[in-house]
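Everything on this sheet refers to the single structure shown next.
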Amino acid sequence: MNNEEKSDEQIVKEVINGDSDKFSSIVVKYQSAVFNIGMRFFHNEDDAYDFVQDVFIRAFQKLEQFRGVAPFRFWLMRLAFNAGINSKKAYKQADTLDSALYLASQEKGPDGLQEENEVKKVLLNAISKLPERYRVCVDFYFFYNLSYNEISGITGFSVNTIKSHILRAKRELYASLSGTIAEDYHEM
Amino acid sequence: MKCESCIEKFLKADGGATPISVKLHMANCPSCRQKISGMQTAMGLAKESMPFTMKKDLSGSIMQQVMQMTPHSAQSVSVLKWIAVGFVILLGILLIPFNSSMHDIRLWTGGIFDIFITVVFGLFITIYVSLFTASLFKNDMFSKKIAKLIRS
């Protein structure tokens, strides 16, 4: 059985048993997700890359604390979220990046992806209107496909708080999408 | 159900599940059907990607740091716990002569019981010591100390 077929929990077990090499598949699988959490806190790539390194080193050191009660990805997301919260650097950053513009400048794919990018731009624009500390919750909901309860478990915010912010984001998204490309997109 | 409350109900739903009442309304209302489908498409597209694109692959540099760190040890039971268990086993053996039930069984079975109990506890202690030694040998520090002792 290769690493791709194994569950995260099996791989973690092997790493805990001394096979440190196996940790690379965890890094490859989740580095982008952790990078995105970092971007929400630091708003710049360099700090987000440092954040990714820091989170994975911490994860490796604390791996024995993973009890397997919840899936590994929740454990890692919680670790990353707490690392972001605890970092004072995150609050020192005064300049906020316009997510939508950032995305537009990063992704210049084939024409077929244009509509997808438009939809994502609208969504990111809606998220950017939310209070900063809750944006990562909305990211967890829309991009990481987590439920309200799972987000609450990771962030420690109450389910009702998360619900209300996600509802705000959904309303923004709905208002932005009305009569725009997304409504046409599903017809294509 | 009015179109506004249908949309509101859809927006309040958790995850991808659309409430039945919303589905029923959608079946009869082309406008809501189009709007909700548009929302579902948008939310579905978001799930296929991440908001920010990671341009560098950090797995190499992270693994370089990880490999320089001490690997996790397979030993999961601390030495203190092993000593505590050993103490409990020893205490159990020492208290046997003071147990009245054991005394009755000994009278009833004669000398055979003494042989039996000696063999059972002998096995217990052998298994315990073997497991304890094996677990310590997995610990790098302990094996280094043993190797050092052998060399000297």
Side-chain angles (χ1 to χ4, degrees), chain A residues 15-21 23-25 27-28 31-33 35-36 38-40 45 48-49 52-53 56-57 60-61 63-64 99 102-103 106-107 115-116 119-120 122-124 127 139 141-149 163 166-167 170-171 173-174 177-178 180 182-187, chain B residues 3-4 6-17 26 30-78 135 137-140 143:
Chain A
V15 177
I16 291 172
N17 284 336
D19 197 352
S20 303
D21 279 336
F23 192 66
S24 66
S25 57
V27 178
V28 169
Q31 61 178 343
S32 175
F35 173 78
N36 273 270
M39 283 298 288
R40 278 287 176 228
E45 282 188 346
Y49 283 127
V52 174
Q53 298 244 8
F56 280 107
I57 297 301
F60 180 78
Q61 287 167 335
L63 218 50
E64 276 164 352
S99 304
Y102 179 84
L103 178 96
Q106 297 301 306
E107 295 185 7
E115 289 84 2
E116 288 185 26
V119 168
K120 278 170 67 178
V122 170
L123 183 56
L124 287 169
I127 293 171
D139 276 350
Y141 183 84
F142 285 105
F143 297 101
Y144 297 64
N145 202 14
L146 301 179
S147 69
Y148 297 146
N149 283 323
K163 257 185 193 175
I166 289 169
L167 185 61
K170 279 184 180 176
R171 281 180 182 147
L173 179 65
Y174 176 73
L177 289 178
S178 295
T180 63
E183 280 190 9
D184 304 330
Y185 185 77
H186 88 279
E187 306 284 353
Chain B
C3 292
E4 281 171 13
C6 169
I7 297 289
E8 194 62 16
K9 206 166 187 179
F10 167 75
L11 294 177
K12 281 181 179 170
D14 188 9
M26 281 168 72
S31 165
C32 285
R33 192 162 58 235
Q34 192 189 11
K35 284 173 184 168
I36 289 173
S37 300
M39 267 297 278
Q40 283 171 330
T41 308
M43 286 161 70
L45 286 172
K47 280 166 190 164
E48 286 166 16
S49 58
M50 289 282 167
F52 305 103
T53 310
M54 191 177 181
K55 287 182 279 186
K56 278 189 221 168
D57 178 9
L58 295 182
S59 57
S61 61
I62 292 168
M63 284 313 291
Q64 210 172 351
Q65 289 182 62
V66 163
M67 296 314 283
Q68 283 169 1
M69 293 160 77
T70 316
H72 290 277
S73 163
Q75 187 186 351
S76 55
V77 183
S78 71
S135 76
F137 266 106
K138 280 183 184 171
N139 186 324
D140 267 350
S143 27

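We name chains A, B, ... by the order of the sequence lines, and we start the count at 1 in each one.
Only the side chain of I7(B) comes within contact range of chain A, with at least one heavy atom under 4.5 Å from a heavy atom of that chain. Contacts of D139(A) with chain B are made by side-chain atoms alone, with heavy-atom separations under 4.5 Å and no backbone atom involved. Interface residue A33(A): backbone and side-chain heavy atoms are both found under 4.5 Å from chain B.
Aromatic ring pairs are classed by plane angle as parallel below 30°, tilted from 30° to 60° and perpendicular above 60°; the pair Y141(A) and Y148(A) is parallel.
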### Task
Report the C-alpha separation of Q53(A) and S61(B) in whole Å, then their side-chain angles, then the decisive distance to 0.1 Å, and conclude whether the side chain to side chain donor-acceptor pair (under 3.5 Å) test is met.
CA-CA 8 Å; Q53(A) 298 244 8; S61(B) 61; 3.0 Å; yes
### Stepwise side chain to side chain donor-acceptor pair (under 3.5 Å) test for N149(A) and S147(A)
CA-CA 5 Å; N149(A) 283 323; S147(A) 69; 5.2 Å; no
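If you tally non-hydrogen atom pairs under 4.5 Å between each of L167(A), L146(A), I166(A) and chain B, the highest count goes to L167(A).
In this structure, Q65(B) and I57(A) approach most closely via the heavy-atom pair CB-CD1, 3.6 Å.
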